[in-house]
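Comments concern the structure below.
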Amino acid sequence: MSQAKYIFVTGGVTSSLGKGIISASLAKLLQARGYSVTIQKFDPYINVDPGTMNPYEHGECYVTDDGAETDLDLGHYERFLNVPTSQANNVTTGLIYQTVINKEREGAYLGRTVQVIPHITDEIKRRMMLLGDSGQFDIIITEIGGTVGDIESLPYVETVRQLKWELGHSALAIHLTLVPYLAAAGELKTKPTQHSVKALLELGVQPDILVCRTERSLSNDLKRKVALFCNVNVNAVIESIDADSIYDVPLLMYKEQLDKVVLKKLNLPLQHEPELEQWKTFLGKLKNPVNEVRIGLVGKYIELKDAYKSINEAFIHAGVANECHVKLDWIHSEKITDDNVANKFDGLNGVLVAPGFGDRGIEGKISAIKYVRENNIPFLGVCLGMQCAVIEYGRNVLGWKDAHSTEMNSETKHPVIHMMEGQKDIKHKGGTMRLGEYPCNIVKGTKTATVYGKTKIGERHRHRYEFNNKYLKDYEEAGMIPAGVNPDLNLIEVIELKNHPWFIGVQYHPEYKSTVENPHPLFVKFVRAALEKSKYVEKEIAV
Ligand code: GLN
């Protein structure tokens, strides 16, 4: 059996308490004490992965290097830890059942009845132990999606019960609950926490640590009361007060000594105090920006900020790198037209056109790009945003009025974006896009080469359509430069414009690789260009 230690994180009372951030923050503290830590998320829904889900349902789909389409919490894990995750870090009920049912069809169960316990729970257990068994990690944090008491979470909680029993002191359970403030009573209330712990106890799991989400500080008396009702030590009742930024949470958890309590319970040495200098410097700059830029984020899912989570976070990292606050204006692409775009973009120092699927809002994205191209406003197009830049250039510079992607118009005479060869016969939607990290050669002398400071890069992909190389020569002659190319497949990965101060479109998703420690150079330099633009505008006004 593996030597790794296991921490299970469940949630109670309500969803959205921030299990992902608490898990990532604890992992950060343990990492900063010298342990090698990873986090995995088990989601109780039937989708095999979140790749087929609409962002309105589930927020952004986060893509790993190895091409897994995963829950957005994995993005937090990577941004906090600066260590890549993989397929093994996100498991769903759909995946578990698919594996078990495939085995049943192969006859692997030798005539036995296949049941939730032990077969489903054994498969959950096998996957919960996979990363630990790899020998790469000292500590594995396993976040259980959903809320304790949900029907669909039951097999996971049951597996945690079994594992806690089997692993003894090598495992512990953290339960995240809510301690609400009732304004009418003027009090914090512990009853929902007590009930939630009871629900967990009914399933046979005694939590070792309670992390209590709250708007107001918990008094010692209140902590004692929670401890008494829930069979935990007082020092294991951890306050998690609302924070201005998710990046504050590791330090708040440090103040509450969550890392120390965890290590003591796991019989692991505290080693040294957490090395958090870089993190603190980041926070200092985040809270004390010297400048501000306004960047428009043009997309069609803007009602739900989680749909563009990694882009949002990449801007926070890039803002810190430039010591400026990036104020994002979320602009709905369906609402943009050639007539109102000047008005909508008034005062913006840069515009990002977001990734997406389907034709809703496409014309608005194209109007947005025409405007920023003609008005020298810094532009970053991500995936569909890059494809729209190609369509816009085809229509308005090359004069092909019907230029389009075959995703939106399969009949166009100018399919400037078309489906990749390897995609044409694929019927299944799940997990069949071009996914994960691919190498890209950046062309020397381009703006993109300056941005990256190197010519060989790898970036993560999630798309089916591509630049149509049949039109490459026309585009080049008209001033659009292919600045990055996939060396194996000769696919255009980056485009930029010759006669524009900062106009870059990328077929991949740079936002997935931006972390606190390594802000992504494209976002950093894009924010820098926007900052310069804002100063230039000020100067112009001053003259
Ligand atoms: N819909 C486009 C494609 O499949 C772009 C995808 C995206 O923006 N991630 O190619």
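With hydrogens and angles ignored, the 3.5 Å screen pairs a side-chain donor or acceptor of R33 with a backbone N or O of L270. In this structure a side-chain-to-backbone donor-acceptor pair under 3.5 Å is missing from T10 to I144. At least one donor-acceptor pair closer than 3.5 Å links the side chain of T121 to the backbone N or O of P118. Counting only distance, with no hydrogens or angles, the side chain of R462 and the backbone of G51 share a donor-acceptor pair below 3.5 Å. Using modelled atom types, no side-chain atom of D66 and backbone atom of S86 make a donor-acceptor pair closer than 3.5 Å. The backbone N or O of V48 lies less than 3.5 Å from no partner atom in the side chain of Q98, so there is not a single donor-acceptor pair. Judged by distance alone, with hydrogens and angles left aside, the side-chain atoms of R213 form a donor-acceptor pair with the main-chain N or O of L17 at under 3.5 Å.
Side-chain contact between E313 and I246: present, with at least one pair of heavy atoms (C-beta onward) separated by less than 4.5 Å. Counting only heavy atoms from C-beta outward, the side chains of L30 and L268 never approach each other to under 4.5 Å. In this structure, D259 and Y254 have side chains that are in contact, with non-hydrogen atoms separated by less than 4.5 Å. Residues E511 and F315 are not in side-chain contact: their nearest non-hydrogen atoms beyond the backbone lie 4.5 Å or more apart. Between Y109 and H119 there is a side-chain heavy-atom pair separated by less than 4.5 Å. With contacts defined as side-chain heavy-atom distances shorter than 4.5 Å, the pair V232/V197 does not qualify. In this structure, N90 and D49 have side chains that are not in contact, with every pair of non-hydrogen atoms separated by 4.5 Å or more. Here the side chains of I140 and Q40 are in contact, with some heavy-atom distance below 4.5 Å.
Residue-environment remark: NE2 (H272) exceeds the threshold of 12 foreign heavy atoms within 6.0 Å. A 6.0 Å sphere centred on CD of Q271 holds more than 12 heavy atoms belonging to other residues, nucleotides or ligands.
The shortest non-hydrogen separation linking P250 to Y247 is CD-O, 3.5 Å. Of all heavy-atom pairs between Q31 and V37, the closest is N-CG2, 3.8 Å. When all heavy atoms of S310 and E60 are compared, the pair lying nearest together is OG-OE2, 2.6 Å. Across A354 and L297, no two heavy atoms sit closer than the pair CB-CD2, 4.2 Å. Here the shortest heavy-atom pairing between S25 and V249 reads OG-CG1, 3.2 Å. Pairing each heavy atom of V91 with each of R127, the nearest pair is CG1-CD, 3.7 Å.
When only modelled atom types and interatomic distance are considered, N47 and T92 share no side-chain donor-acceptor pair under 3.5 Å. With hydrogens and angles left out, the side-chain atoms of S219 and D221 include no donor and acceptor closer than 3.5 Å. A donor-acceptor contact closer than 3.5 angstrom links the side chains of S217 and E239. Side chains of H175 and S196: a donor-acceptor N/O pair is present below 3.5 angstrom, by distance only. The closest side-chain donor-acceptor pair between T93 and E152, if any, does not fall under 3.5 angstrom. Neither side chain, T99 nor R126, offers a donor N or O lying under 3.5 Å from an acceptor on the other.
The salt bridge (Lys or Arg N to Asp or Glu O under 4.0 Å) test with D73 is passed by exactly one of K309, R79, K41, K19: K41.
Note that CG of L352 is 11.0 Å distant from CD1 of I331, once rounded to the nearest 0.5 Å. Taken from CD1 in I39 to CD1 in I7, the straight-line distance is 9.5 Å, to the nearest 0.5 Å. Atoms CD1 and CG, on I141 and L26 in that order, are 4.0 Å from each other to the nearest 0.5 Å. Taking CG of L72 as the start and OH of Y512 as the end, the distance is 10.0 Å to the nearest 0.5 Å. Within the model, atoms CD of E143 and CD1 of I22 stand 10.5 Å from one another, a figure rounded to the nearest 0.5 Å. Atoms CG and OG1, from L188 and T214 in turn, are 4.5 Å apart once rounded to the nearest 0.5 Å.
The existence of a salt bridge linking D208 and K265 is excluded, since no basic side-chain nitrogen approaches an acidic carboxylate oxygen closer than 4.0 Å. Classification of K225 and E187 as a salt-bridged pair fails, no side-chain N sitting under 4.0 Å from a carboxylate O. A salt bridge is defined here as a Lys NZ or Arg NE, NH1 or NH2 lying under 4.0 Å from an Asp or Glu carboxylate O, and K103 with E106 fails to meet this definition. We find that E202 and K198 are not joined by a salt bridge, their nearest charged nitrogen and carboxylate oxygen being 4.0 Å or further apart. Remark: E256 engages K223 in a salt bridge, criterion side-chain N to carboxylate O under 4.0 Å. Ionic pairing of K5 and D138 is not present here: no N-O contact between side-chain nitrogen and carboxylate oxygen is shorter than 4.0 angstrom.
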Determine whether W330 and N312 satisfy the following criterion, side chain to side chain contact (heavy atoms under 4.5 Å, CB included), listing intermediate values before the conclusion. CA-CA 10 Å; W330 302 73; N312 192 41; 3.8 Å; yes
Check step by step if side chain to side chain contact (heavy atoms under 4.5 Å, CB included) holds for T142 and F42. CA-CA 7 Å; T142 303; F42 281 65; 3.6 Å; yes
Just do the side chain to side chain contact (heavy atoms under 4.5 Å, CB included) check on V262 and I139 with the steps written out, would you? CA-CA 11 Å; V262 161; I139 302 169; 5.9 Å; no
Derivation of the side chain to side chain contact (heavy atoms under 4.5 Å, CB included) call for L380 and K525: CA-CA 10 Å; L380 180 58; K525 298 290 164 45; over 6 Å; no
Residues 516-524 side chain polar contacts: donor-acceptor under 3.5 Å, at least two apart:
residue	atom	partner	partner atom	Å
E517	OE2	N82	ND2	3.2
H520	ND1	L522	N	3.0
H520	NE2	E459	OE2	2.6

What pairs of donor and acceptor atoms, side-chain ones from residues 282-293 against any protein atom, are under 3.5 angstrom apart with sequence neighbours left out?
residue	atom	partner	partner atom	Å
K287	NZ	D248	OD1	2.7
K287	NZ	D248	OD2	2.8
N288	ND2	G284	O	2.8
E292	OE1	H325	ND1	2.9

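Residues satisfying the side chain to side chain contact (heavy atoms under 4.5 Å, CB included) criterion with K191, sequence neighbours excluded, are Q194, H195. Legend: residues meeting side chain to side chain contact (heavy atoms under 4.5 Å, CB included) with S134, ordered by chain and number and at least two apart, are Q136, F137. By the ring-ring contact (aromatic ring centres under 6.0 Å, His included) test, Y56 is found to be paired with Y301, residues two or more places apart in sequence or in another chain being considered. Judged as a side chain to side chain contact (heavy atoms under 4.5 Å, CB included), and not counting sequence neighbours, the contacts of H332 are K300, I302, E303, E334, K335, R360.
Relative ring orientation between H76 and F80 is described as perpendicular, the plane-to-plane angle rising above 60° on a 0-90° scale split at 30° and 60°. Ring pair Y438/H461 is perpendicular by interplanar angle, where above 60° counts as perpendicular and below 30° as parallel.
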